[in-house]
Amino acid sequence: MGTNDTPPLDRPFFIVNPASGGGRTRNRVGALIDAIERAGLEADCAFTTRPGEGIDIAREAIGAGRTFLVACGGDGTVNEVVNGVMAEGAAERVKVGTIGMGTGKDIAKCLGIGRGARALRAIAQGEERRVDIGKVTAIGEDGQEQVRYFLLEASAGWVPEISQSTPRWLKRLGDTAPYVIMTVVKMLGPMGRSFTLRIDGREFDGRYNTISVHNMELWGGDLVAAPGAAPDDGLFDVIRWGDLGRREVLRAVDGQRKGGVHLEMEGVDRHPARVVELSSPKPTRLDLDGEMGGYLPARIEMLAGAIRFAAPPGGHAGER
Ligand SMILES: Nc1ncnc2c1ncn2[C@@H]1O[C@H](COP(=O)(O)OP(=O)(O)OP(=O)(O)O)[C@@H](O)[C@H]1O
């Protein structure tokens, strides 16, 4: 559909994070605008200037009547735009899209729009798919209860602390290398902690390396955390890494690089879930879509089909 046929408020509004991709997006803005215009769309863009601003820009755009918001960045940028949509209570009237320009861009890959040209086709041709999201009630930086949403994963423990402690400058090394380097650094510290875990009301308290709740199969830039996890089946995949030793943790990390064979290891398992409650006696950070998502305790609820996404129905990570 050409721009002339489209009512202005239904046109895609591109929210661009120049800091994504380890700052490389800043130099790709010209190419992005060219690609948008070649796809027959108007390059109607806003640029984030600080972390979290994607939420505010999305909310303002919705307030101004916009109904199609496209996150141009990585998973954190998509997460912010979706949080803006949910904060406005606008999930039914606003569609979300993404052009993946981040380091990992796992959300785009899991929806079969990892390539920019494929993503633009989904946007220009009005493709739409209902996608599940997770609603998280946890503790914010200010110590108060906060509600946030995620598309990819919510997690706590050793593995998410790798991405949380990866400095921005290191991300410039590529999509996977920074996380491999940080894995080695994290091996020097403690590997497990106690968690109180309830999966749909069933108790699984114990000592774990990592608990992760997945809505899609990838995380950490191409690592297959939950093979086959579908973004629209109304279920999470909870992956438990038990209190593994250093060698087993390395094997499990490597198993994710080999398509998800870590799930065959003793001490690693998966459970389907709709509601997950997680806490720890130690102060523990929560990761949401690769970003800091507050602190435990957390209640994580499935919102089936809550978001309208510009993506081909049935698209999956195998197409990346
Ligand atoms: N202008 C900005 N300057 C610095 N940080 C920003 C700016 N705009 C947004 N951010 C922050 O950049 C962070 C990273 O964004 P994003 O996740 O989209 O990119 P990425 O880390 O390269 O990709 P991925 O998560 O897919 O690996 C987010 O926490 C976001 O809040």
Side-chain angles (χ1 to χ4, degrees), residues 14-29 32 45-61 69-85 87 96-116 119 140-141 146 148-155 159-183 212 214-225 231 256-257 285-294 309 311 317 320:
F14 298 90
I15 299 174
V16 185
N17 173 0
S20 60
R24 285 169 288 175
T25 298
R26 198 162 274 119
N27 302 323
R28 295 179 183 160
V29 169
L32 172 67
C45 303
F47 297 87
T48 60
T49 60
R50 57 173 170 79
E53 199 181 3
I55 300 179
D56 300 337
I57 294 176
R59 295 189 70 168
E60 277 164 32
L69 307 180
V70 179
C72 303
D75 298 327
T77 310
V78 184
N79 178 287
E80 289 184 4
V81 169
V82 165
N83 272 280
V85 170
V96 176
T98 184
I99 300 174
M101 304 189 72
T103 314
K105 43 187 180 293
D106 291 326
I107 295 169
K109 289 173 187 164
C110 288
L111 295 175
I113 49 174
R115 291 170 208 276
E141 298 276 9
Q146 69 173 24
R148 290 280 184 277
Y149 300 86
F150 69 91
L151 290 98
L152 202 63
E153 57 87 25
S155 54
V159 173
E161 282 176 2
I162 294 172
S163 72
Q164 284 166 355
S165 47
T166 303
R168 193 146 289 281
W169 60 265
L170 196 58
K171 287 190 172 189
R172 291 203 187 106
L173 289 187
D175 287 1
T176 308
Y179 302 106
V180 174
I181 293 168
M182 287 312 293
T183 301
S212 51
H214 298 267
N215 185 41
M216 303 186 189
E217 62 180 325
L218 303 177
W219 72 349
D222 259 350
L223 296 175
V224 183
Q256 297 182 117
R257 292 159 59 80
R285 286 190 292 190
L286 185 68
D287 181 282
L288 300 179
D289 292 344
E291 303 291 328
M292 172 63 180
F309 215 101
R320 69 190 185 277

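Read the numbers this way: they start at 1 and go in the same order the structure lists the ligands and their atoms. The structure presented is a predicted model; accordingly, all values stated were derived computationally and were not measured.
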Output, in order, the C-alpha distance, side-chain angles, deciding distance and verdict of side chain to side chain contact (heavy atoms under 4.5 Å, CB included) for Leu111 and Leu151. CA-CA 11 Å; Leu111 295 175; Leu151 290 98; 5.5 Å; no
Using side chain to side chain donor-acceptor pair (under 3.5 Å) as the criterion, list what pairs up with Ser20, not counting sequence neighbours. Thr25
Side chains of residues 69-76: which donor-acceptor pairs under 3.5 Å do they make with residues two or more places apart or in other chains?
residue, atom, partner, partner atom, Å
Asp75, OD1, Asp106, N, 3.0
Asp75, OD1, Ile107, N, 2.9
Asp75, OD2, Asp106, N, 3.1

With a 3.5 Å distance limit and no angle check, can you tell me whether Lys109 reaches the backbone of Gly104 through a side-chain donor-acceptor pair? yes
Near ligand 1, which protein residues have a heavy atom under 4.0 Å away? Asn17, Ala19, Ser20, Gly21, Gly22, Thr48, Thr49, Arg50, Pro51, Gly52, Gly73, Gly74, Asp75, Gly76, Thr77, Glu80, Gly102, Thr103, Gly104, Lys105, Arg168, Lys171, Glu291
Looking at Arg257, I want to see if its CZ is surrounded by more than 12 non-hydrogen atoms of other residues, nucleotides or ligands under 6.0 Å. no
Counterpart residues, salt bridge (charged side-chain N to carboxylate O under 4.0 Å, His left out), relative to Arg59 (two or more places apart): Glu88
